[in-house]
Structure formats: structure tokens, C-alpha cells
> 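Before I ask anything, here is the structure I am working with.
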Number of protein chains: 2
Amino acid sequence: MPPAKKFGLQYFCKTIQIPSKEGLNSRLNMKTTEGDQKPVIGAAEPVEGERPTLKTIAFMAGLGVTTVSRALKDAPEIGQATKNRVQLIAKQIGYRPNRAGVRLRTGKTNVISLVLNAQSEIMGLTSNMVYGISEVLSETPYHLTVTPYSVKNDPMQPIRYIVETGSADGIIMSRTEPNDARVRYLTEHGIPFATHGRTEMGIEHPFHDFDNEAFAYLSVKSLLTKGRRRIALLAGPSPSVTYYRHLHRGFSRAVEEGGANTVAVSDIDVDTSLGRIRNRMEEIMSASNRPDGIVCCSGSAAIALVAGIEAAGLKIGGDVDLVSKQSTDVLQWFRPQIIVFNEDVRHAGRELARAVLRRIAGVDARELQSLSYPDEHDLRS
Amino acid sequence: MPPAKKFGLQYFCKTIQIPSKEGLNSRLNMKTTEGDQKPVIGAAEPVEGERPTLKTIAFMAGLGVTTVSRALKDAPEIGQATKNRVQLIAKQIGYRPNRAGVRLRTGKTNVISLVLNAQSEIMGLTSNMVYGISEVLSETPYHLTVTPYSVKNDPMQPIRYIVETGSADGIIMSRTEPNDARVRYLTEHGIPFATHGRTEMGIEHPFHDFDNEAFAYLSVKSLLTKGRRRIALLAGPSPSVTYYRHLHRGFSRAVEEGGANTVAVSDIDVDTSLGRIRNRMEEIMSASNRPDGIVCCSGSAAIALVAGIEAAGLKIGGDVDLVSKQSTDVLQWFRPQIIVFNEDVRHAGRELARAVLRRIAGVDARELQSLSYPDEHDLRS
DNA sequence: CCCAAAATCTGAAACGTTACAGGTAGGCTA
DNA sequence: TAGCCTACCTGTAACGTTTCAGATTTTGGG
């Protein structure tokens with residue numbers, strides 16, 4: 001808004017109280033259009049097109065840079081009239097603090113880093129997570145940087161990098177493990193973070209998690225009411241990621257309560273390629289002791305799974321029922337329709353972002369732990 | 001690596017040539033553990049746990065900060081022996097330039113910003129794009145920040161923000177329009193960028209695009225060989241995004257060449273919610289002049305589309321054939337199986353990242369334009 | 001063996017911000 | 001009126017880097 005800028009400059013130059021001679025001179029070492037000419041009053045004017053700094057405002061308001069800095073952050077030692085004036089100028093000329101300056105001086109980066117595993121993309125997870133986080137950050141001075149790492153690499157590597165180079169004020173990470181080296185490391189170093197998923201290591205830290213135990217429990221219950229007695233579970237990567245345990249806990253509890261039987265699904269998990277899931281599923285469903293009810297914890301895996309079932313010549317809804325978690329709504333339109341529970345990953349992103357921010361603000365970790373509950377949708381209606 | 005650090009320090013302190021008195025003293029104003037004590041030789045040692053800076057290396061090597069800075073970037077005015085020594089120390093103590101320092105001094109942010117529309121998530125697009133870009137950036141000093149914007153908001157807003165605050169060295173953006181205000185703005189401001197998709201405004205700029213014209217052409221051809229004569233197209237948002245035109249061009253050409261007929265699909269495009277696509281599709285397929293062949297340019301839309309077709313009581317492969325573009329491999333396992341063309345979005349991400357980087361390096365825009373060709377997979381085999 | 005040129009190296013300044021340690025003016029108390 | 005306190009504002013230094021304009025040493029030619 002160049003017109004506002006012009007207005008601001010002219011308007012406020014008029015209202016400057018003439019400062020002492022030294023004060024004035026010291027304010028004149030502003031960038032001039034030509035390098036060598038003597039400092040003249042005119043030369044100290046903010047150059048059109050140059051980004052305004054504290055110095056610009058200070059000159060326009062006839063104040064010191066320090067005063068301006070404090071006025072902008074509402075410090076108590078600055079008079080109200082001055083604050084108003086400074087803040088008005090700042091707004092009019094479109095002042096925005098230089099991030100590099102702040103970062104160099106204070107060490108604050110105003111960056112939140114999302115550390116993700118690039119391989120284990122459960123359909124829609126990354127994007128929804130990113131958008132959820134961004135929604136929250138967009139109203140703050142924080143930027144979001146994304147740091148994916150390959151599943152083959154050490155998950156600690158990006159974390160160490162961030163800590164060593166001080167490149168973020170807070171970290172959000174997924175694929176949390178029961179005994180997570182990253183959680184330990186970050187806690188020891190006092191770096192704020194939040195995890196998608198829980199740990200089991202006695203360290204209190206911010207997290208958001210989907211209640212996978214409830215999901216598995218309810219899923220089995222749902223299969224039981226359909227008369228299914230031989231239930232199988234396709235879970236997360238065993239047992240490295242925590243929610244694998246939650247799934248099994250809820251699953252086993254419901255199976256036992258219902259007096260049903262468990263059919264083990266070996267060799268595949270949610271990380272497995274869809275092709276292998278399909279093939280393995282065809283094998284499993286061709287065996288004599290095949291399950292008649294399956295719980296699956298990923299939408300894309302469910303699709304491969306259905307393909308395998310049908311390749312074995314079986315019919316969903318007839319020979320076997322299927323319940324799946326999904327983190328995007330594609331399964332809604334997938335056929336045959338199956339029972340799904342939605343995990344709202346975008347909501348998780350929002351929660352996680354809020355958690356790190358509040359953690360950075362010093363809130364106790366215990367107050368930043370939340371769970372979201374499965375939300376059943378019987379798509380077969 | 002604290003052991004290496006220790007080793008480096010001890011080793012090199014031995015090899016320091018004793019510098020002149022002033023030189024030595026001037027080097028002693030390094031951060032001491034206690035604030036007020038007099039500068040002693042020991043106090044100037046790099047503090048364990050503090051991040052090393054140029055000053056640390058300078059002290060250890062008995063050189064000036066300037067020399068170290070130059071030596072690390074292989075400047076010609078530094079002796080080879082010095083360079084080797086400095087670079088060795090830097091490596092041993094794990095020196096990494098402070099980004100805020102560099103950025104403040106040079107204005108270089110070492111950041112690439114991915115500006116995305118949060119709503120128009122074509123299944124897997126965002127994540128694959130992010131991972132593709134990251135793959136390339138991970139071998140450079142660049143970080144990736146993601147700036148999503150709502151489809152309701154002005155697409156220019158995040159772009160303006162980035163330019164005004166100088167928060168990135170380069171920008172990657174999608175949903176390119178024939179006459180794209182962002183492209184014009186960035187070109188005028190001389191900010192390096194690359195677009196996913198082409199413009200038609202006579203400005204040469206780096207881009208990567210999927211050849212949607214070829215995709216549509218080949219798709220129709222494929223339908224024609226199956227005897228389909230009444231062909232419909234579900235395209236991108238009309239006509240704001242450029243590839244809408246490419247799709248139609250390839251589509252029309254093939255339909256004309258084959259002497260077939262076009263069936264218009266109104267009211268819906270790839271941005272429409274899956275629910276509305278399904279419903280609208282049901283209507284269209286219930287009408288008397290329904291198509292018998294459909295080309296669809298998004299995998300998730302195809303799923304909703306199939307649901308609509310089947311809701312109308314029609315059978316894929318029998319009553320109607322479907323060809324779709326997909327940017328992830330879920331359709332592979334979707335049933336009924338349809339003909340798909342893969343767009344490798346991860347590859348696009350890599351291309352785009354390479355393009356911005358080379359653009360930043362000063363390469364001519366015309367050398368940074370690439371197209372990727374449709375890759376047919378008949379999943380029905 | 002001397003001097004100029006080339007080869008190396010150097011400190012100071014600057015980028016924009018905030019923390020620190022005052023400074024000044026005005027009003028109040030004694 | 002002197003002394004002090006409060007309210008408000010100030011300049012300087014520092015964060016880590018690079019650029020500028022030298023300074024010093026080494027080399028080589030005569």
C-alpha cells in the first residue's frame with residue numbers, strides 16, 4: 001500500500017517534535033540513495049520501496065530505535081501516547097519485524113517443524129496434517145517447515161539437525177514409539193514438541209492421539225453383532241509404533257468379551273505395499289481358517305485388502321465383513337461399502353499445533369495431552 | 001560428536017602459531033562462563049555445548065574471522081594450506097553457519113516456499129509434491145516451508161507476503177492459471193519461482209507440467225477402440241486453471257478424429273466435493289443421452305464418479321468405460337478396475353525443486369521448462 | 001639486496017533486532 | 001529549595017555473518 005505509506009510519512013513528519021542536534025544527526029545515517037553524499041535531512045527519509053525497519057519508524061516518529069521496539073510490544077515503560085503513535089505509523093507503513101534480525105538477536109526462529117516419515121503415507125495423512133497445522137499457525141507469526149526423512153534413515157537424524165542448528169522453536173512428529181529416542185532427546189534438550197501418538201516411557205509430553213484402542217474395540221463389537229466369530233486385525237507396524245499396542249489391546253478385549261476367535265494376520269502391516277497386502281490377503285482368505293471379520297487401521301490398506309478378498313472369490317458383506325479406519329473420505333465412495341471410523345487428521349494437526357505453541361509459551365506438558373475418539377460411520381446404510 | 005570436538009580443539013590449539021599480542025587479545029573477547037572476570041587465555045576457549053561460530057574456528061586456527069569465512073567458501077585470496085586447515089577444523093567441531101547471521105547480512109534465506117491451495121487436494125498431490133521437493137532440497141542448504149491458503153482467499157495474498165517480508169529465496173506454486181497474477185507479480189519483482197502447470201501470458205518462466213492434452217487425447221483414443229462413441233470429460237476447474245484448456249484440446253481433437261460425440265458434463269469439476277460428483281454423475285448417467293465413455297482427471301473424483309455410475313444402475317466395462325488420471329496408486333486396487341494414466345507428482349516435485357534452484361542460480365527460465373508424458377496402465381488386464 | 005607486486009591476511013562496519021545500563025524532565029516530599 | 005522518585009526515553013553493545021578497504025608478508029625481478 002504505497003499511498004498509505006506516503007500519507008504516513010508526510011503526516012508524521014509534520015508532527016515530529018524537533019529533536020536535539022545530536023539526536024537528529026545520529027538519526028541521519030540512514031541509507032541514502034547515493035552512497036557518498038553528505039547527510040541532509042531529506043536523505044534520511046525512508047527510501048520508497050525499501051522495506052521499513054525500526055529505524056524508519058524511529059525517524060518518522062522522532063524517537064529512538066529502542067523506544068520504537070518497546071512501544072511495538074506494549075512495554076510498560078513507554079507512554080501510552082507514544083505507543084499509539086508508533087503503532088499507528090507501523091501499521092501505516094506496513095512494518096513487519098525482520099525475522100533474521102529477531103532470530104539473530106533472540107534465538108527465536110518463529111518456525112515450527114513438522115518431521116514426517118516420507119514412506120508411511122497413510123492416504124491423506126500428510127496433507128491433512130499440514131493443513132491442520134497451518135490453519136492454527138496462520139494466525140501467529142510462526143511458519144511451518146516440513147522435514148521428511150526416509151524410513152530407512154535414522155528418525156533421530158532430522159531431530160538432531162533441528163536441535164543442533166536451532167532451526168525451529170518447536171517440533172511436531174508422528175510415528176511415535178513406546179520408547180521413543182526422539183522424545184527422550186528433545187526432553188533432555190528442553191525443546192518444545194508434540195507427538196502424534198503416545199509413548200510409554202514415563203515422560204510427560206504434549207501429544208494428540210486417536211483412541212485406537214476404542215477404535216479396535218468398537219470395530220470388533222461391530223463385527224460381532226453381525227455374527228462374525230473369527231476376527232483378524234491388520235495393525236500398524238509391529239510393535240515399533242505405539243498404536244500397534246493400543247489396537248491389539250482394544251481388539252483382544254472385544255474378542256474375549258464376545259467369546260470369538262482371533263485369526264492372526266502375519267507378514268503384513270499398514271506400512272506394507274498395497275500390492276503385497278493384496279496378495280497376502282488373497283492367501284489368507286484362501287486358507288481354511290480364514291477370518292470372517294477384519295479390522296483394518298488404514299483406508300488405503302483397506303482398499304488393497306478388499307482387492308485381495310475378492311481375488312480369493314469371497315464377497316464382502318457375505319463371506320466376510322470389514323471395518324476400517326480412514327483419514328480421508330475416499331472410502332465413502334469406495335465400493336463395496338464398508339464400515340469405517342474416521343480419524344480427523346486435520347483436527348489432529350490443529351491440536352498438535354496448538355499444543356506446541358502452548359508448550360513454547362510454557363504451559364505444563366500434562367495440560368497438552370488430548371485424545372480424539374472414533375467416530376463411526378456405517379457406510380452400508 | 002563431543003569427542004571429535006574435544007580432539008579438534010586440543011589438536012589445533014597445539015598447532016596455533018603464536019599470534020601478535022593485539023591479535024591475541026582481540027580474540028579473547030569470546031563469551032566466558034562468568035560474565036565479569038578478566039579475559040584469560042583459558043576463558044577464550046570455545047565453551048562446551050555452545051554452538052561453534054566463525055569466531056570459534058578463528059580462535060582455534062589463530063586466524064581472523066574474515067579469513068575463516070573466506071576459507072570456508074574457497075575464496076581465491078586464501079592460501080590452500082589455510083583453507084585445508086580451516087575446513088578440517090570446521091568439520092571436526094561440526095560447524096554450521098548460523099542461518100540468521102547469513103540471512104541478516106546477505107538477505108539470502110535458504111528457504112523455498114511451497115504455496116498450495118488447501119482445498120483442492122487431489123488425492124496424494126500435496127504429500128507427493130512435498131516429498132519430491134524435499135528429496136531434492138535435502139542435499140542442499142535449503143529448507144522447505146509450506147504455505148497453504150484457502151481457496152476462498154486471494155491466491156496473491158501468500159505470494160505478496162513472501163515477497164514483502166523476503167521470507168523465501170524461491171517459490172513453487174500450483175493451480176497455475178492462463179493469465180496468472182502471481183506469475184506476473186513475481187516476474188516483475190524478480191523473485192525466482194516455478195509453477196506446476198503452464199501459463200499463456202507470454203512470460204517465460206520455469207514450470208513443470210503433466211501433458212494433460214496428451215492424456216485426454218490418449219484417453220479418448222482408448223475409449224474409442226472399445227467402441228465408445230459418446231464421450232464425456234470431467235476436467236479441472238473451468239476455465240480458471242490452465243490445464244482445463246489442455247484437457248479440452250486433447251479431448252476434442254481425439255473425439256473429432258474418431259468421429260465420436262461429446263457429452264457435456266456440467267456443474268461439476270475436479271474441485272467439487274465427492275458427494276456432489278457422485279450425485280451429479282448419477283443424474284447424468286440416468287439421462288437418455290448419457291455418455292458411454294468418460295475421461296476423468298483425478299483419482300478421487302473417479303471413485304465418486306464410479307459410485308454415481310453404479311448408483312444409476314450401470315456397469316463399468318459394460319454400459320460405460322472410464323479412464324482416469326491418478327497421482328497415487330490407490331486406483332490400482334480399486335474395484336471395478338479402470339484404465340488409468342499415472343501422473344508422477346513426486347517426480348513433478350523433484351523437477352520443480354530443481355527448476356527453482358537453478359533459477360536462483362541464474363539459469364535462463366526457458367531452460368527450466370519441462371513436461372512429463374502420460375504413462376498408461378490398463379488395470380483391467 | 002632492494003623494491004614493487006602479488007599473495008595472504010586483517011579489523012571495522014553493517015544487516016535489524018533486543019537487552020542493558022543509564023539519562024533527563026517533571027513532580028513530590030521534606 | 002534541595003533531594004529524590006517516577007515516568008519516559010536514550011545510546012551502546014551484541015547476536016553471526018559478509019563486505020570493504022586496507023595491512024602485512026612473501027615473492028620475484030632487477
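Below, chain A is the first sequence line, B the second, and so on; all start at residue 1.
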> If we only count heavy atoms from C-beta on, is the A/D74 to A/Q87 side-chain gap below 4.5 Å?
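The answer is yes, as the side chains (C-beta and beyond) meet within the 4.5 Å cut-off.
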> Is any side-chain heavy atom of A/D169 less than 4.5 Å from a side-chain heavy atom of A/K108?
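The answer is yes; the side chains approach within 4.5 Å.
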> Whole Å only: how far is the NZ atom of B/K108 from the C1' atom of D/dG16?
17 Å
> Return no unless some side-chain N or O of A/S69 is found under 4.0 Å from OP1 or OP2 of C/dT18.
yes
> Taking the side chain as everything from C-beta on, heavy atoms only, tell me whether B/L72 gets closer than 4.5 Å to B/L54.
yes
> Taking OH from B/Y95 and P from D/dG16, how many angstroms apart are they, rounded to a whole number?
10 Å
> Side chains of B/Y95 and B/I89, heavy atoms from C-beta outward: is any pair under 4.5 Å?
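With C-beta onward as the side chain, the pair stays apart.
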> In whole Å, I'd like the distance from the CG atom of B/L54 to the P atom of C/dC15.
19 Å
> Would you kindly give the CG-to-C1' distance between A/N110 and C/dT18, to the nearest whole Å?
14 Å
> How long is the line joining NZ of A/K73 and C1' of C/dT18, in whole Å?
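Rounded to the whole Å, the gap is 7 Å.
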> Check the distance between D/dC8's C1' and A/R85's CZ and give it to me in whole angstrom.
13 Å
> Heavy-atom nearest nucleotide on DNA chain C for B/R70 versus B/G101: which residue maps closer to 5'?
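First, find each residue's nearest nucleotide; the 5'-ward one identifies B/R70.
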> Using a 4.5 Å cut-off on heavy atoms from C-beta on, say whether the side chain of B/Y185 contacts that of B/M156.
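Yes. Closest side-chain heavy atoms under 4.5 Å.
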> Is it the case that the base of C/dT18 and the side chain of A/R105 share a donor-acceptor contact (distance under 3.5 Å, atom types as modelled)?
yes
> Compare side-chain N and O positions of B/T66 against OP1 and OP2 of C/dC9 and report whether any pair is under 4.0 Å apart.
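Answer no for this pair, as no side-chain N or O of B/T66 is under 4.0 Å from OP1 or OP2.
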> Taking CG from B/L63 and P from D/dA23, how many angstroms apart are they, rounded to a whole number?
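Rounded to whole Å, this separation is 20 Å.
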> Taking the nucleotide of DNA chain D with the closest heavy atom to each, which residue, B/T106 or A/I78, is nearer the 5' end?
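Per heavy-atom nearest nucleotide, the more 5' residue is A/I78.
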> Does B/T82 place a side-chain N or O at less than 4.0 Å from the phosphate oxygens OP1/OP2 of C/dT8?
no
> Taking atom C1' of C/dA14 as reference, at what distance in whole Å does atom CG of A/N98 sit?
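Distance, rounded to whole Å: 13 Å.
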> Side chain of A/L104: nearest nucleotide among D/dT18, C/dT18, D/dG16?
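Ranking D/dT18, C/dT18, D/dG16 by closest atom to the A/L104 side chain puts D/dG16 first.
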